[in-house]
Amino acid sequence: MSALYMIIGTLIALGVLVTFHEYGHFWVARRCGVKVLRFSVGFGSPLLRWHDRHGTEFVVAAIPLGGYVKMLDEREGEVPESLLSQAFNRKSVRQRIAIVSAGPLANFILALLFFWVLAMLGSEQIRPVVGAVQPGSMAEQAGLMPGQEIVAVNGERTEGWAGVNLQLIRRLGESGVLDLHVRDLQSSTEQHLQLQLDGWLKGAEEPDPIGSLGIRPWRPEIQPVIAQLDPEGPAQKAGIALGDRLLSLDGQPLNEWQEVIDQVGRLPGKSVLLQVERDGLQLEVPLTLAVRGEGDSQRGYLGAGVEAGEWPAEMLREVSYGPLAAVGEGLERTWTMSVLTLDSLRKMLFGELSVKNLSGPITIAKVAGASAQSGFGDFLNFLAYLSISLGVLNLLPIPVLDGGHLLFYLVEWVRGRPLSDRVQGWGVQIGISLVVGVMLLALVNDLGRL
């Protein structure tokens, strides 16, 4: 079932985002008087094909990994004299800039639309209340206490843990002061705390912003009774069964599920002895924990789970917006995620973020499937983020991308004449090498996560 969700989710995601991106180019090209020869979603052999009254061929092709809009252009073939006025290369620089930039702009508009819908639908968020603070951590040194709610990070209000995590992600790899505003649950008085960052999580392959500060979010106490088992995990292979209650690990008592997570996480690849209770009997189960993550991010893995606990109403917050307020929320989220995506690329380039965080088609497909399985809201959120990523990446000034074409046209606008074909050819070759290199790196990262 998960594989089916992954396939359907990926096809829908690529189909919607690619179609909207290419439609941006198509719509503006038509309005600039350019004759569009073909509008294709996908590459390879056509599965569907039809023509409109303007003679444009519309194609749905077999390989759904992109698309293109082919326009009449003298550089790509002979153009009849009667159609020269409709050729792309005969249009003014401003018109060509408008046509090329319309694709990425369409992706930002689509993301805004999705965020607008999500804002109106609303969401139930977990209040960012601190459950525990690790001794000696940055959070403890700053004076953060269990039971306090984080109401703002770096001046940005936070309604839930997702908002806290987003603001912390923006500071990855940086040095300086991290500002927190907190308050006690029964108080309206806010307290200002400052944490000192020094190359915070620089180069971390799987950064955990909240945990690395020494903060454990509050969550309801859950009894360590096994309700889920990974068929390939150490627990099932060792004979742990559904309904088993974990009593201790290497003699250390396990009173609730968080203690299991903490103790297992500290022992990647280690052989341990679990004491469990089954049908009133106590059993000892030896097993070797698996390893998740790499380097300093390695964690032990048991391959077992429990039923989710009931959240008290006072720890939940319903967040929703009216149609007009949702526009502002959508604009803010689109801008924030666009800046974050661009800044993350900059940090990878300068070594502040590990390039291991770069994801390729396999990871995108897995996330598409998981979000589709999770529900409409999560899938819409995923589409918005992916649409922004597509828009930002296409605007990078790399020849073969939309941003590379924009760079050439802007230079032409300033110089009053285009760059020579030879210079543009060099640029395209360099651009292809960069894009292929990044794609291979992303694919290697994906394979390493399997």
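These numbers come from a predicted model, not from an experiment.
Crowding of R346 atom CZ: a count of heavy atoms from other residues, nucleotides or ligands under 6.0 Å exceeding 12. At most 12 non-hydrogen atoms from other residues, nucleotides or ligands lie less than 6.0 angstrom from NZ of K70. Summarising the local packing, CZ of R415 is surrounded by more than 12 heavy atoms from other residues, nucleotides or ligands at distances under 6.0 Å. Surrounding CG of D421 are at most 12 heavy atoms belonging to other residues, nucleotides or ligands under 6.0 Å away. Sparse packing is recorded around NZ of K202, with 12 or fewer heavy atoms of other residues, nucleotides or ligands lying under 6.0 Å away.
Nearest heavy atom pair, residue P234 against residue A290, reads CG-N, 3.5 Å. The two residues M120 and S320 have their closest heavy-atom pair at O-CB, 4.3 Å. Contact record, V133 with E140: CG1-N, 3.5 Å, taken as the closest heavy-atom pair. The shortest heavy-atom contact between L166 and M337 is CD1-SD, 3.8 Å. Closest of all the heavy-atom pairs between I222 and E307 is CG2-O, 3.6 Å. When all heavy atoms of V59 and P46 are compared, the pair lying nearest together is CG1-CB, 3.7 Å.
Ring pair W311/W218: centre-to-centre distance below 6.0 Å.
Within the 4.5 Å cutoff, no side-chain heavy atoms of V411 are placed close to those of V414. At least one side-chain heavy atom of Y321 sits under 4.5 Å from a side-chain heavy atom of V319. Counting only heavy atoms from C-beta outward, the side chains of R317 and P128 approach each other to under 4.5 Å. You'll find the side chain of L213 reaches within 4.5 Å of the side chain of L168, heavy atoms only. Side chains of L249 and L267 form a contact here, defined as non-hydrogen atoms less than 4.5 Å apart. You'll find the side chain of I210 reaches within 4.5 Å of the side chain of P217, heavy atoms only. No side-chain heavy atom of F88 sits less than 4.5 Å from a side-chain heavy atom of L72.
The CG atom of L287 sits 8.0 Å away from atom OG of S271, with the distance rounded to the nearest 0.5 Å. Residue L358 holds its CG atom at 8.5 Å from CG of D446, rounded to the nearest 0.5 Å. Atom CG in L144 sits 5.5 Å away from atom CD1 in I150 (nearest 0.5 Å). How far OG1 of T336 is from CG of D343: 12.0 Å, rounded to the nearest 0.5 Å. Here the CG atom belonging to L349 is positioned 12.5 Å from the OG atom belonging to S344, to the nearest 0.5 angstrom. Taken to the nearest 0.5 Å, the NZ atom of K91 stands 13.5 Å off from the OH atom of Y409.
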Report task. Any chance you could lay out the side chain to side chain donor-acceptor pair (under 3.5 Å) test for N89 and E74, step after step, and finish with the verdict? Result -> CA-CA 7 Å; N89 63 290; E74 290 178 279; 2.7 Å; yes
**Report entry** side chain to side chain donor-acceptor pair (under 3.5 Å) between R30 and T56, worked out
**Finding:** CA-CA 11 Å; R30 277 273 178 92; T56 300; 2.9 Å; yes
Query raised in the report: So R216 and D262, salt bridge (charged side-chain N to carboxylate O under 4.0 Å, His left out) or not? Walk me through it.
Result: CA-CA 11 Å; R216 179 189 296 165; D262 292 343; 2.3 Å; yes
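Side-chain polar atoms of Q258 and R219 form a donor-acceptor pair below 3.5 angstrom.
Sequence neighbours left out, the pairs with a member in residues 380-401 that pass ring pair (Phe, Tyr, Trp, His ring centres under 6.0 Å) are F115-Y385.
Note: F26 and Y23 have tilted aromatic rings, judged against thresholds of 30 and 60 degrees for the angle between ring planes. Relative ring orientation between Y68 and F43 is described as parallel, the plane-to-plane angle staying below 30° on a 0-90° scale split at 30° and 60°.
Partner of T158 under the side-chain contact (heavy atoms from CB on, under 4.5 Å) criterion, out of L180, V153, N165: V153 alone.
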